[in-house]
Amino acid sequence: MKIKNRLFENKQYAKTIEKLHTSDQLSVMDAYRINRLVKKLNELHKEFSELKIKIMTQFGTPSEEKEDTVTISAENREEFNFEYNELINIEHDLEVKKLEFPKKIEDGFSATDLNILETFFDLSGLEEKSEVEKYFSTENMNKQ
């Protein structure tokens with residue numbers, strides 16, 4: 001599974017991962033797999049944040065009006081944009097396949113959350129089977 005640093009700029013990403021990571025609906029195995037994934041993601045996020053701050057410090061000046069805001073001057077804007085785009089487009093191989101979505105999680109996730117989760121999880125198990133698929137499932141075939 002591969003991700004780009006761009007993911008860390010998505011505010012919904014952090015909320016969704018935290019919601020999943022702290023869910024009390026996880027089996028022990030699911031919690032273990034998710035914890036390993038979150039550790040990798042946190043490490044990459046930390047590295048991204050440090051590099052982003054470095055670029056912002058290099059090309060910008062702290063804003064006097066808003067705290068935690070940097071102003072990029074017109075003469076630095078092109079170079080800043082180049083460096084920033086390079087940073088957000090760095091791709092990382094997490095060296096794992098998409099995880100199976102935890103079976104015990106029944107609720108608490110929105111469509112927006114699922115958009116983030118599909119990056120890390122195979123969500124095909126969440127799709128409702130059609131009546132034909134249900135009829136021809138191995139369970140049903142064994143009953144006949």
Side-chain angles (χ1 to χ4, degrees), residues 1-140:
M1 162 182 4
K2 294 182 181 186
I3 62 164
K4 287 189 177 186
N5 278 343
R6 156 178 284 112
L7 176 71
F8 302 125
E9 290 288 48
N10 183 334
K11 298 204 185 310
Q12 186 65 37
Y13 155 78
K15 292 176 188 174
T16 300
I17 293 299
E18 178 68 18
K19 193 185 305 185
L20 178 65
H21 192 226
T22 59
S23 173
D24 59 359
Q25 299 177 30
L26 296 172
S27 70
V28 172
M29 277 310 293
D30 286 335
Y32 174 76
R33 290 182 306 124
I34 290 167
N35 192 50
R36 290 181 54 99
L37 173 65
V38 169
K39 282 182 179 180
K40 285 182 184 183
L41 292 171
N42 284 344
E43 191 176 296
L44 292 171
H45 189 206
K46 181 181 178 198
E47 179 183 43
F48 167 77
S49 295
E50 290 170 356
L51 291 170
K52 180 180 171 184
I53 289 169
K54 182 179 176 185
I55 291 170
M56 293 176 93
T57 304
Q58 182 179 355
F59 296 106
T61 54
S63 175
E64 293 177 12
E65 296 93 41
K66 290 185 177 179
E67 195 174 322
D68 296 330
T69 305
V70 174
T71 303
I72 309 295
S73 65
E75 66 261 6
N76 289 338
R77 203 163 288 143
E78 187 175 329
E79 201 170 353
F80 169 79
N81 285 336
F82 176 80
E83 292 290 329
Y84 179 73
N85 283 325
E86 289 277 306
L87 177 62
I88 64 171
N89 285 309
I90 292 174
E91 187 173 77
H92 304 281
D93 187 348
L94 299 179
E95 299 176 0
V96 295
K97 293 181 182 179
K98 280 190 174 189
L99 302 174
E100 185 179 322
F101 193 74
K103 291 180 175 90
K104 290 189 173 188
I105 291 187
E106 296 175 4
D107 56 13
F109 290 94
S110 68
T112 308
D113 290 327
L114 292 176
N115 192 34
I116 299 293
L117 293 174
E118 73 182 349
T119 303
F120 307 105
F121 295 92
D122 175 8
L123 301 180
S124 63
L126 299 178
E127 296 171 2
E128 193 168 327
K129 291 183 178 180
S130 70
E131 290 302 315
V132 173
E133 288 174 313
K134 288 178 187 175
Y135 181 77
F136 286 108
S137 70
T138 54
E139 270 181 36
N140 223 359

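Computed from a predicted structure; not experimentally measured. We're numbering straight along the sequence, starting at 1.
Within 6.0 Å of the CD atom in Glu78, the count of heavy atoms belonging to other residues, nucleotides or ligands does not exceed 12.
Here the side chains of Arg77 and Asn81 are in contact, with some heavy-atom distance below 4.5 Å. Lys4 places none of its side-chain heavy atoms less than 4.5 Å from the side chain of Ile88. Looking at heavy atoms from C-beta onward, Thr61 lies out of side-chain contact with Ser73 at the 4.5 angstrom threshold. The side-chain heavy atoms of Asn89 and Asn5, taken from C-beta on, include no pair separated by under 4.5 Å. Between Arg33 and Leu99 the shortest side-chain heavy-atom distance falls below 4.5 Å.
What you find for Met56 and Val70 is that their closest heavy atoms are O-CG1, 3.7 Å. Of all heavy-atom pairs between Met1 and Asp93, the closest is O-OD1, 3.3 Å. Residues Lys98 and Thr119 come closest through the heavy atom pair CE-O, 3.6 Å. Across every non-hydrogen atom of Gly60 and Ile72, the tightest pair is CA-CD1, 3.6 Å.
Leu37 CG to Leu94 CG: the interatomic distance, rounded to the nearest 0.5 Å, is 6.5 Å. The distance from atom CZ of Phe59 to atom OG1 of Thr71, rounded to the nearest 0.5 Å, is 15.5 Å. Rounding to the nearest 0.5 Å gives a distance of 14.5 Å between OH of Tyr13 and CG of Asn115. Taken from CG in Leu41 to CD1 in Ile3, the straight-line distance is 5.0 Å, to the nearest 0.5 Å. With values rounded to the nearest 0.5 angstrom, Lys2 atom NZ is found 12.0 Å from His92 atom NE2. For the atom pair CG (Leu20) and CZ (Phe120), the distance works out to 10.0 Å, reported to the nearest 0.5 Å.
Sequence neighbours left out, the pairs with a member in residues 93-117 that pass ring-ring contact (aromatic ring centres under 6.0 Å, His included) are Phe101-Phe121.
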Could you pull out all donor-acceptor pairs under 3.5 Å where a side-chain atom in residues 43-55 meets a protein atom, sequence neighbours excluded?
from  : atom 1 : to    : atom 2 : distance (Å)
Ser49 : OG     : His45 : O      : 3.0
Lys52 : NZ     : Glu9  : OE1    : 3.1
Lys52 : NZ     : Glu9  : OE2    : 3.0

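A side-chain N or O of Asp30 and one of Ser27 form a donor-acceptor pair less than 3.5 Å apart. A donor-acceptor contact closer than 3.5 angstrom is absent between the side chains of Gln25 and Ser23.
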TODO: Check the pair Glu100, Asp122 against side chain to side chain contact (heavy atoms under 4.5 Å, CB included), reporting the backbone distance first and the verdict last.
DONE: CA-CA 5 Å; Glu100 185 179 322; Asp122 175 8; 5.8 Å; no
